[in-house]
Structures are given as structure tokens and as C-alpha cells.
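Proteins get letters first, then strands, A, B, ... in listed order; numbering begins at 1 in each. Just so it is clear, the model here is predicted, and its values are computed rather than measured.
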2 protein chains.
Amino acid sequence: MENYLPHIAYDSVIFGFSGERLKILLLEYHNTGWLALPGGFVKQDENLDDAVHRGLQERTGLDKIYLEQFHTFGNVNRHQPEVMKTILEASAFSLTEYALLLDRFISVGYYALIDYEKVKPQPDALSDSIDWYFVDELPPLIFKHEEIVQKALASLQFNLDRKLVGMNLLPSKFTMKELQQVYEAILGEKLRRTTFQRKMLSLGILERHEKRFNGKAHKAPYLYSFRASSFAIDR
Amino acid sequence: MENYLPHIAYDSVIFGFSGERLKILLLEYHNTGWLALPGGFVKQDENLDDAVHRGLQERTGLDKIYLEQFHTFGNVNRHQPEVMKTILEASAFSLTEYALLLDRFISVGYYALIDYEKVKPQPDALSDSIDWYFVDELPPLIFKHEEIVQKALASLQFNLDRKLVGMNLLPSKFTMKELQQVYEAILGEKLRRTTFQRKMLSLGILERHEKRFNGKAHKAPYLYSFRASSFAIDR
DNA sequence: TATTATTGTCTCAATATGTGACAATAATAG
DNA sequence: CTATTATTGTCACATATTGAGACAATAATA
């Protein structure tokens, strides 16, 4: 622990899209059943952004993850040493060696967008499991992490039309309907099909490919992908 | 220094509006002529937001300042101990007592919007003077603070139409032209007078008062203020 | 071959924005 | 006292964007 910066942590809200709803990854700590966001610490000579990438890489196996920093949480009332103490004890970690973890932390919040299908989540040393949970049906979390999730979601909504959010939550080829479902899941409201389709096509960021014959009794939809040139927008 | 959190700082970009352009406050350090953003540190048992408010209160004398956190800067290459060393020496501060200041810091960026007329800036122990500088004609700054200013400005622009920015940069009563000038200064572009006026009035957030007779040879403009109920929007 | 569910596109209506015109008016010059 | 000047407030029209529904096309099924 001594080669990490004290008092500084990050928490990550990792969004994935499955079927029709948004999910996030949550850790469950050993023996306590407590759930929390995956987080981590920053090494003495490591960029903050790199620390977060490193942590996500370890947990998702993914290499190039879309990340946005959205807020830094610095309230004193987030400090709950008794909770952290219980977590360390439940994992049989030495309280003297890891005493630093009982200190107050200021935490930088990041959200990540990943392709749900590509991920095999990996728990860390303190946690039993890591799994997907629906954003709109979150179980209770420790360390006021609900607040962090809400702020991440608000930030994602706010950024929705200037960043190419869909690009990161969907596989490389997708139907218009799937894209619309991503938007609806993020905004939490239904959108009008024709208006949405017209708008997306008018932006000129989509490329149309072959149709997808999905065995359903109706007209097959086209597949789309984001144009390579769209990557240049606002990054 | 020992009752402050190590490795954590904040930097503040304090915007004011004078006449027709945006300005920010910059500190000049003793004997070096070096310019930087006003910043500070967080006490062990102090909320991050409170620390920033405290710092701004000391420097501007203002009590209720509009503050937005916009980004946290955590790159290793921001660490320049030799620059800090020179600053401390130039102010005859003990390098052993203030050794903590030579460490790497992760800095949380905040921007503030204040009424230019109401402020009498106060320098701190390390600095000779604190003064207003045009945002679009910044002198060279230490610690890569130009980057912080640019990010603050981008964030302010991005928030312009969902937060009542004008409310904080103008006195309580102002003309439509003054309000437009604030928008133009922030966006860095000219806006069409009639469209702007129509838009602002249609939002229903302005209250119209008596006219201002300013001794000029033309029709006198109405004074406006923000409706009290507008305060409820998005805060 | 008719039916079903969904998709892609079009049309018309309703809003919103761009652009210029014009009258109203507070001070000044004559 | 009157004409001039520099704005300001408002309107009118054109253009662009979005809302809302209609409809033909079509892949699988009955």
C-alpha cells in the first residue's frame, strides 16, 4: 500500500447494455454481502486516468475502455472507517498493514461504457464476486455509492448527444432499434421511432450495411455501424 | 500544514464580467513575477466544497459564491517541485516545514462566477497581488494552469443554457444588452439581437422593471432581473 | 397465398430559429 | 422647438427542426 497516494481513490460506474436495460457492475465483499462500486487507488507516479484504466482492465479484461471522469466526491460524511474495518477483517487483511484504508478518502468518479457481451468480470482480493445489476433496481450499496451512480447516470444523460455513447455500449454492427433502445435506457423514457431514425440518419455518423435476417416474421432491419470519421467528434 | 490532507489541492477559476469581456483572477507570487490560479488545500475534517468556499471567501470577501466543480487534474506531469521550491524560497518559507507542498498534488478544478463590481481581491501569504486578466489574453501561467482555465471555460460554455449563468455574473438588475454581452463573452461569438431577446423573454425567467435612463441619445432600455422562482432550476 | 409484425420512408402540422424591417424614444444639435 | 442620431422593443416572413401519423415493403408463419 505504501506506494499509493493516501486519501485519494477512484470509483467507477461501469455501464453495460443488455437487451433493453442499463446495467452496472457491482462488487460483493467477502463474508459481508455488502455491495459497492469497483474502485481503486492511484500509485505515487501514476496518472489518475491511467490508474482507472488499469483497474478496469484488471476487472473486465478490456483494454481500450471508454472512460469519462464526471465528479469528485469530497464530503467528510463519506468517511466510514468502521465499514472499511469490517471489510478488511472479513477478508482477514491486517489492520495495521492496511491502516491507510481506514483514513478519509476523496474519490474521483469515472463512468465507463462497455460492450456487455465482451466482458468476463473478475473479482478482486477483497470481493467474492462482481456482477451486473440493473441501474433502475439497485440494491443498497455501502459508502453512499448510490449517490455516485445517480450522478454518473445524470452525467451520461447530459453527454448523450455530444458524445457517441451508443458506439461504446453496442457491438460494432447494430440495428436502428437497438440504438434507440440504448438511448431510451439512458434517458429513461420512450422515444418516437420515426423521429429518432430521421435524426440519427441526418447526423451522417452511421453507415448502412447488409440486412439482418433474424428469423422473425417481418421485414428485416438494416445493420448500421458508426463511421470511422465519427471518432473525431469531440474527444 | 499538518492538519491538511496531503496530495490534494483545488484550483479555482474565478470569472468576472467587466464591460464586455470575461476576466479571471490570477495571483502573482512574491519576487518571481509568476502567475497562477488561486488555489488551496483541504483540511482533514473539511468538506471539499467547503474548503473551496473558504478559500474564495478569503480572497474575494464574498460569502455566497456560485461554484461549480468541473474537472479533477491528476496527471503526473503537473508535478514540478522545483517551481514550488522557488516560490517558497522567494517568500522565505521554510522548506522543511512546508516540505509537503513539494509533493505531487491531485487538484480539483472549480470555477466561480462573481459580480465583478463587488470584489476587492486579497492576495495570500505567498503572493504579492491578485488581479483581473482577460480570459482571451492570458499571460503565461505556471503549473500548466492554462489547461485548467481552458477546461473551465469549456465547461462554462457547455453549461450556459441550463444554468442561470447570467444571474451570477451580473448585478441584480441589468439590461437585455448586458445579458447578451455576457453570453457573447462566454461563447466567444456574436449573437443576433432579436433572436436572443425573443429567446430570453420566452423562457419566462426574467422580470421587467423600470427603464434605465443612461443619458445616451436613444430609447432607454428596460432593466430586467431574474425571477426568484428561477433559482429553483437545476441546482 | 393470406397474415403478422416490424421497418423504412413520406407527408403534413406544429414549433423553433434566422433575418430583416420598422416604429418608438431619449438625448443632442441646430 | 424641431430634426437628427443611436439604440430598443416588437413584428413579419422565411427557413429549419421536430412531432405525429400514414403507408407501402418485406421476412417469416399459418
- Message: A side-chain contact here means heavy atoms from C-beta on lying under 4.5 Å apart; do Ile148(B) and Phe73(B) qualify?
- Response: yes

- Rounding to a whole Å, what distance do you find between Leu201(A):CG and dC10(C):C1'? 14 Å

- Task: Ignoring the backbone of Tyr224(A), work out which of dG8(C), dG9(D), dA28(D) is nearest its side chain.
- Result: dG8(C)

- Query: In whole Å, what is the span from the OH atom of Tyr183(A) to the P atom of dT18(D)?
  - Reply: 13 Å

- Message: Could you tell me how far apart His209(A) (NE2) and dG8(C) (P) are, to the nearest whole angstrom?
- Response: 13 Å

- Query: Can you name the one residue among Gln181(B), Glu184(B), Glu137(B) that meets side-chain hydrogen bond (donor to acceptor under 3.5 Å, both in side chains) with Arg21(B)?
  - Reply: Glu137(B)

- Note on the structure: From the candidates dT9(C), dA24(C), dG8(C), the one with an atom nearest any side-chain atom of Lys219(B) is dA24(C)

- Query: Quick one: Glu178(A) CD to dT6(C) C1', roughly how many Å, whole number?
  - Reply: 14 Å

- Query: What is the distance from CZ of Arg212(B) to C1' of dA27(C), rounded to the nearest Å?
  - Reply: 16 Å

- Between Phe17(A), Phe15(A), Tyr116(A), which is the residue that forms a ring-ring contact (aromatic ring centres under 6.0 Å, His included) with Trp132(A)? Tyr116(A)

- Message: Reading DNA chain D from 5' onward, which residue's closest nucleotide shows up sooner: Ala217(B) or Tyr222(B)?
- Response: Ala217(B)

- For DNA chain D, the residues among residues 188-195 of chain B that have a non-hydrogen atom under 4.0 Å from it: Arg193(B), Thr194(B)

- Which base sits across from dT29(D) as a Watson-Crick or G-U pair, both distances under 3.5 Å? dA2(C)

- Query: Looking across every strand, which nucleic acid part, if any, lies under 4.0 Å from Arg208(B) by heavy atom: base, sugar-phosphate, or nothing?
  - Reply: sugar-phosphate

- Query: Any idea which of dA27(D), dG9(D), dA26(C) is nearest the Gln197(B) side chain?
  - Reply: dG9(D)

- Message: Just verifying a value: how many Å separate Arg78(A) CZ and Phe105(A) CZ, rounded to the nearest 0.5 Å?
- Response: 10.5 Å

- Could you check how far NZ of Lys216(A) sits from P of dA30(D), rounded to whole Å? 14 Å

- Item | Whole-Å distance separating the CE atom of Met200(B) from the P atom of dA16(C) | 15 Å

- Write down the distance between CG (Leu223(B)) and P (dT8(D)), rounded to a whole number of angstrom. 12 Å

- Query: Does His30(B) reach the main-chain N or O of Ala125(B) with its side chain, forming a donor-acceptor pair under 3.5 Å?
  - Reply: yes

- Message: Strictly distance-based, threshold 3.5 Å: is any side-chain N or O of Ser127(A) a donor or acceptor partner for the main-chain N or O of Pro123(A)?
- Response: no

- Per the side chain to side chain contact (heavy atoms under 4.5 Å, CB included) rule, which among Met200(B), Lys199(B), Arg192(B), Arg198(B) passes with Phe196(B)? Met200(B)

- base_contact_polar (dG18(C) base, Arg198(B) side chain, donor-acceptor, <3.5 Å): yes

- Query: Does a side-chain N or O from Lys199(B) land closer than 4.0 Å to OP1 or OP2 of dT17(C), or not?
  - Reply: yes

